[in-house]
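The structure appears right after this line, and notes come after that.
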Amino acid sequence: MTPPDASGSTPDIPEIPENRWNDLDRPPLNATALRRALVREGGLWTSLDVVATTGSTNSDLTARAGSLQEGVVLVAEEQTQGRGRLDRRWSAPARSGLFFSVYVEPGAEVPVERWGWLPLLTGVAVASGLSRAAGVDTALKWPNDLLVTVGGEERKAGGILAERVGEGVVIGVGLNVSLRADELPVPVAGSLALAGAVSVDRDPLLRSVLRSFEQWYGDWRDAGGDPGTSRLQEAYAAGCSTLGRTVRAELPGGHVLTGEAVAVDGDGRLVLATAEGVQRPVGAGDVVHLRPQA
């Protein structure tokens with residue numbers, strides 16, 4: 001108990017500032033070390049900033065569209081208004097995941113009609129990076145979900161959102177890293193920790209993912225965005241858990257298409273074989289994996 005002062009009143013006790021290490025399982029990212037490892041002359045990444053909290057890293061970069069330089073990386077320890085496809089909202093506890101956005105300008109080297117491959121490329125890069133750094137197999141659900149296996153079941157652990165901005169594209173990634181079961185937003189969600197990751201240290205995870213993106217993006221751009229020559233189409237198909245399954249595609253305008261996902265074509269579209277024996281490419285929509293009938 002604090003004793004009263006000479007006037008007989010109890011002095012105000014200053015608030016103890018929040019210790020940034022108060023959750024030892026979730027230490028903060030080291031921005032200086034990340035920049036030292038990733039930002040280099042001649043490389044893709046030109047700047048990297050880490051903020052304590054923000055509404056959405058994608059929104060922050062989009063607001064700076066006129067002044068962005070290719071290779072900007074913005075990371076948030078916490079997102080309060082994270083956005084997914086179809087304007088879905090998403091949030092997670094501070095320092096429990098990787099929440100970041102990057103800005104790229106494929107430029108004249110890549111025709112605009114091939115820019116639709118960027119979210120798929122990002123999925124391949126994230127899966128490749130996590131395989132090396134976390135020892136977790138991350139499956140890709142077309143077009144932008146990241147899946148892990150928890151207790152024998154596929155669960156969504158993250159997602160990707162790409163938005164055309166000015167002369168380039170802002171690509172956001174949200175990934176659950178250390179979320180515990182009681183912290184999951186919905187029972188069907190997952191995290192790297194729940195999937196048995198050998199490491200949930202976010203610094204090496206982010207370094208691995210961004211290095212993987214730099215390699216895949218460079219190869220794709222050097223190939224003029226050709227998904228075949230860059231081997232991107234092959235890599236995506238190999239890691240896509242949607243292929244070979246019966247799915248329901250909820251298309252713009254309220255249309256629904258059901259069929260077996262048989263391929264991802266050269267434009268990045270999901271090709272469905274319907275019961276009528278017709279192959280239909282799907283370029284946009286919400287895809288639901290259907291359980292096989294008993």
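Taking the six-membered ring for Trp and the full ring otherwise, Tyr103 and Trp45 have centroids separated by 6.0 Å or more.
At distances below 3.5 Å, not a single donor-acceptor pair connects side-chain atoms of Asp137 with backbone N or O atoms of Val148. At distances below 3.5 Å, at least one donor-acceptor pair connects side-chain atoms of Arg155 with backbone N or O atoms of Ala189. Checking side-chain atoms of Arg26 against main-chain N and O of Ser178 turns up a donor-acceptor pair under 3.5 Å. Of the possible donor and acceptor atoms, one in the side chain of Gln79 sits under 3.5 Å from a partner among the backbone N and O of Thr57. Side chain of Ser128 to main chain of Val124: a donor-acceptor pair is present (N/O by atom type, distance under 3.5 Å, no hydrogens or angles). A donor-acceptor distance shorter than 3.5 angstrom exists from the side chain of Asn176 to the backbone of Gly190, with no hydrogens or angles considered. Between the Ser212 side chain and the Val209 main chain, no donor and acceptor come within less than 3.5 Å of each other. With Glu260 contributing its side chain and Thr246 its backbone, the two residues share no donor-acceptor pair below 3.5 Å. A donor-acceptor contact shorter than 3.5 Å is absent between the side chain of Trp117 and the backbone of Asp226.
Defined by atom type and a distance below 3.5 Å, a donor-acceptor pair is missing between the side-chain atoms of Asp219 and Ser230. Side-chain N/O atoms of Thr258 and Arg248 include no donor and acceptor closer than 3.5 Å.
Of all heavy-atom pairs between Leu118 and Pro106, the closest is CD1-CG, 4.1 Å. When all heavy atoms of Ala133 and Ser199 are compared, the pair lying nearest together is O-CB, 4.0 Å. Here the shortest heavy-atom pairing between Lys156 and Leu147 reads CA-CD2, 3.7 Å. The shortest non-hydrogen separation linking Asn58 to Leu161 is ND2-O, 3.4 Å. For the residue pair Ala92 and Phe99, the shortest heavy atom distance occurs at CB-CZ, 4.0 Å. Taking each heavy atom of Gln279 and Val262 in turn, the nearest pair found is NE2-CG2, 4.1 Å.
Using a 4.0 Å cut-off between charged side-chain N and carboxylate O, Arg211 and Glu214 make no salt bridge. Look at Glu77 and Arg202 and you find a salt bridge, because one of the NZ, NE, NH1 or NH2 atoms lies within 4.0 Å of a carboxylate O, short of that distance. By the 4.0 Å N-to-carboxylate-O rule, Arg291 lies too far from Glu154 to be salt-bridged with it.
Leu68 and Leu210 fall into different hydrophobic clusters, where Ile, Leu, Val, Met, Phe, Trp and Tyr side chains are chained together by heavy-atom contacts under 4.5 Å.
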Report task. I would like to know whether Glu105 and Arg164 meet salt bridge (Lys or Arg N to Asp or Glu O under 4.0 Å); could you show each step before the answer? Result -> CA-CA 10 Å; Glu105 289 183 349; Arg164 176 77 182 270; over 6 Å; no
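Annotation: side chain of Pro119 is not in contact with side chain of Pro143 (no heavy-atom distance under 4.5 Å). Taking 4.5 Å as the limit, every side-chain heavy atom of Ser47 sits out of range of all side-chain heavy atoms of Gln69. For the pair Leu48/Val72, no side-chain contact is recorded, criterion being any heavy-atom separation below 4.5 Å from C-beta on. With contacts defined as side-chain heavy-atom distances shorter than 4.5 Å, the pair Ile160/Asp145 does not qualify. Contact of the Val75 side chain with the Asp49 side chain is not registered, since no non-hydrogen atoms from C-beta on lie closer than 4.5 Å.
Taking the six-membered ring where tryptophan is involved, the planes of Phe213 and Tyr217 are essentially parallel, since the angle between them stays under 30° and well short of 60°.
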